[in-house]
Amino acid sequence: MDENFLLLLDADDTLWESALYFQRAEKDFLKVMESLGFSSAIVRDTVHRRDLERLSVTGYGAGPYMDTLVSILEEFMPEPPEWSMRALADIRTCLLGHPVVLIPGVNSTLETVGRMPVHTVVYTMGEEDHQSDKFRRSGLTHLVNELTIVSVKDSQVLAELMYGKGFVPERTILMGNSPRSDINPATELGIRTIFLKRNLTWSAEHEDFRNPELVTEIDDFSDLADIMDQFISGDIPSYSSIPTN
Ligand SMILES: [Mg+2]
């Protein structure tokens, strides 16, 4: 079957749970710090601030996040007791090896989409090892065409990916849970998007939609199949055919 359409799928918190495990790591870290005598509120504020600051330096990922927690521990307590360093190493192990739990409906929906003339790419950012390991453990490898891991998601990276594969915005759909990393860079290129609303989304990823006319909001991953079907049959207009006044 000719794959005339391109579907780009974010992975973390779109295909499988992710923020949940970062939140657990943070809770464990706050417990360690509380035991060492530090206020949870102050430590939490520091974690959130450093988390934003590190992005431009280290990029996204579980490893850099854990490095941030270790540096905060050492800053609050220059000679931390051995048990606390071991506890942080264990928190790292849990975060990097967290179970891959699929979002409801992912498997059956990707099976349905797999029967459509669609080239499906899992488009994710973060560390190569961690992201490809989760992809392998997700059991989704046979349901999509490929995995692309980038260090940062922006419209330039997205344009290179889409045009590099021979597709155009009029035949591309991107689905993700982050307005900042997924939706806005895509709509800037005129790509139609599906925003999967999730309860837990990292605060740095919140942003207003810049082109809301190109965004379809859904709560249920399974809605992807109908939307793709309508897009392919032309019932959902592509950007170029939306009348502009
Ligand atoms: Mg995501």
Side-chain angles (χ1 to χ4, degrees), residues 6-26 48 51-52 54-56 58-66 95-96 98-107 109-110 113 120-141 143-144 146-158 161-162 172-189 191-210 214-224 227:
L6 175 65
L7 171 62
L8 299 168
L9 285 173
D10 169 51
D12 290 343
D13 292 306
T14 295
L15 296 176
W16 53 69
E17 299 285 353
S18 174
L20 169 67
Y21 300 104
F22 280 84
Q23 197 180 60
R24 285 185 186 171
E26 182 185 295
H48 291 178
D51 205 22
L52 292 180
R54 84 183 156 86
L55 281 184
S56 56
T58 61
Y60 289 83
Y65 178 75
M66 285 308 306
L95 181 60
L96 287 171
H98 76 69
V100 175
V101 176
L102 296 184
I103 306 298
V106 164
N107 238 307
T109 306
L110 291 185
V113 172
T120 304
V121 177
V122 175
Y123 170 60
T124 184
M125 68 181 162
E127 297 154 296
E128 183 90 28
D129 292 358
H130 189 215
Q131 295 304 85
S132 55
D133 175 57
K134 284 189 288 187
F135 181 58
R136 184 183 48 75
R137 287 191 282 137
S138 73
L140 298 174
T141 52
L143 293 177
V144 302
E146 51 186 303
L147 167 71
T148 295
I149 302 167
V150 296
S151 55
V152 70
K153 284 176 166 175
D154 58 26
S155 49
Q156 192 185 336
V157 168
L158 194 53
L161 175 66
M162 175 181 64
T172 301
I173 279 199
L174 180 142
M175 178 172 180
N177 73 304
S178 165
R180 188 177 94 122
S181 298
D182 299 319
I183 305 302
N184 284 338
T187 62
E188 242 166 57
L189 298 170
I191 295 172
R192 279 225 154 257
T193 61
I194 304 170
F195 174 58
L196 182 65
K197 282 186 276 184
R198 303 297 320 281
N199 291 332
L200 281 183
T201 293
W202 186 35
S203 57
E205 296 300 323
H206 292 292
E207 205 171 79
D208 289 340
F209 294 133
R210 278 184 227 132
L214 286 173
V215 185
T216 303
E217 292 191 31
I218 60 172
D219 298 302
D220 183 350
F221 188 95
S222 308
D223 292 343
L224 168 66
I227 294 171

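All values derive from a computational prediction rather than experimental measurement. Both ligands and their constituent atoms are indexed starting at 1 by order of listing. Hydrogens, waters and symmetry mates play no part in the numbers below; they use all other heavy atoms, side chains included.
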Would you give the angle at the Mg ion (ligand 1) between Asn177 atom OD1 and Asp12 atom O, to the nearest 10°? 100°

Do the ring planes of Trp16 and Phe135 sit parallel (below 30°), tilted (30 to 60°) or perpendicular (above 60°)? tilted

Closest to the Mg ion (ligand 1), which N/O/S atom of Asp10 is it? OD2

Could you tell me whether any N, O or S atom belonging to Asp13 is less than 2.8 Å from the Mg ion (ligand 1)? no

Find the distance between CG (Leu8) and OG1 (Thr148) and round it off to the nearest 0.5 Å. 8.0 Å

Any luck finding a side-chain donor-acceptor pair between His48 and Glu26 under 3.5 Å? yes

Is it the case that more than 12 heavy atoms not belonging to Glu217 sit under 6.0 Å from its CD atom? yes

